Amino acid sequence: RVQVVESGGDSVQAGGSLRLSCVVSGYTYASYCVAWFRQVPGKEREGAGAVDSGGGIKYADSVQGRFTISQDHSKNTVYLQMISLKPEDSGMYYCAGVAGPGGRMARRALGASSELAAWGQGTRDRVSS
């Protein structure tokens, strides 16, 4: 079954950048989707961005232009590059994934988190003003 492990969380100042990594394993299907979500205490979890095996990519409006998702297939890793960070970007960032028929779902993944079967433990970002 699909497993994901996040890393890269850190403390930075506003305006800084971070790159989160999500190592994906255990999938045998060519069709997959990996998405990033974040959660701030007291607020609902929200999607940040998603990518799928068909090249589909979707970003939340709140991060569009500042966050970029990329993949390194040789390392089975999906990255979330974050620039121009703001204090409101602080929180726990989770990677989630699904593989199998229908896995090409990046364009709707941020609103369909229940369809993402594998979730990581999260990695924490702190952005100070």
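The shown structure was predicted, so the numbers you read here are calculated from the model rather than taken from an experiment.
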I'd like to know if Asp52 pairs up with Arg107 as an ion pair, taking the criterion as any Lys NZ or Arg NE/NH1/NH2 lying under 4.0 Å from an Asp or Glu carboxylate oxygen.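 No.
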Do Arg124 and Asp10 sit within salt-bridge range, that is, some charged N less than 4.0 Å from a carboxylate O?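 Salt bridge: no.
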Single-linkage hydrophobic cluster, 4.5 Å side-chain cutoff, [X] and [Y] together:
X: Ile69; Y: Val34; value: yes
X: Leu20; Y: Val51; value: yes
X: Ile57; Y: Tyr94; value: no
X: Val63; Y: Leu85; value: yes
X: Leu80; Y: Leu110; value: no

Crowding at CD, Glu88 (>12 non-hydrogen neighbours, <6.0 Å):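 Correct, the count exceeds 12.
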For Arg126, is the CZ atom crowded, meaning more than 12 foreign heavy atoms sit under 6.0 Å from it?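 Not buried by this count: 12 neighbours or fewer within 6.0 Å.
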On a heavy-atom basis, which atom in [X] and which in [Y] lie closest, and how many Å separate them?
X: Val2; Y: Ala118; answer: O-CB, 3.3 Å
X: Pro87; Y: Ser129; answer: CG-CB, 3.8 Å
X: Gly122; Y: Met92; answer: C-SD, 3.7 Å
X: Glu6; Y: Cys95; answer: OE2-N, 2.8 Å
X: Gly103; Y: Ser31; answer: N-OG, 3.1 Å
X: Leu18; Y: Gly8; answer: CD2-O, 4.1 Å

Nearest 0.5 Å please: distance from the NZ atom of Lys86 over to the OG atom of Ser62.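 Separation between the atoms: 8.5 Å.
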Quick one: does [X]'s side chain get under 4.5 Å of [Y]'s, heavy atoms only?
X: Gln39; Y: Glu44; answer: no
X: Val24; Y: Gln3; answer: no
X: Trp36; Y: Cys22; answer: yes
X: Asp125; Y: Met82; answer: yes
X: Gln71; Y: Asn76; answer: no

If we ignore hydrogens and angles and just use 3.5 Å, is the side chain of [X] paired with the main-chain N or O of [Y] as donor and acceptor?
X: Ser17; Y: Ile83; result: no
X: Thr123; Y: Tyr93; result: no
X: Thr77; Y: Val23; result: no
X: Thr68; Y: Gln81; result: no

The criterion is salt bridge (Lys or Arg N to Asp or Glu O under 4.0 Å); which residues satisfy it with Arg19, sequence neighbours excluded?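 Testing Arg19 for salt bridge (Lys or Arg N to Asp or Glu O under 4.0 Å), a comparison that skips the adjacent residues, returns none.
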For Arg38 and Asp89, what are the C-alpha separation, side-chain angles and deciding distance, and is it a salt bridge (charged side-chain N to carboxylate O under 4.0 Å, His left out)? CA-CA 8 Å; Arg38 61 185 184 182; Asp89 293 319; 2.8 Å; yes
Is there a side chain to side chain contact (heavy atoms under 4.5 Å, CB included) between Val5 and Gln121 once you walk through the steps? CA-CA 7 Å; Val5 178; Gln121 295 298 308; over 6 Å; no
Stepwise side chain to side chain contact (heavy atoms under 4.5 Å, CB included) test for Arg108 and Lys58: CA-CA 8 Å; Arg108 61 184 184 86; Lys58 175 70 175 178; over 6 Å; no
Please lay out, stage by stage, how Cys33 and Arg104 fare under the test side chain to side chain contact (heavy atoms under 4.5 Å, CB included). CA-CA 6 Å; Cys33 177; Arg104 295 185 179 186; over 6 Å; no
Under 6.0 Å between the ring centres of Trp119 and Phe37?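 Judged by ring-centre distance (under 6.0 Å), Trp119 and Phe37 do meet the cut-off.
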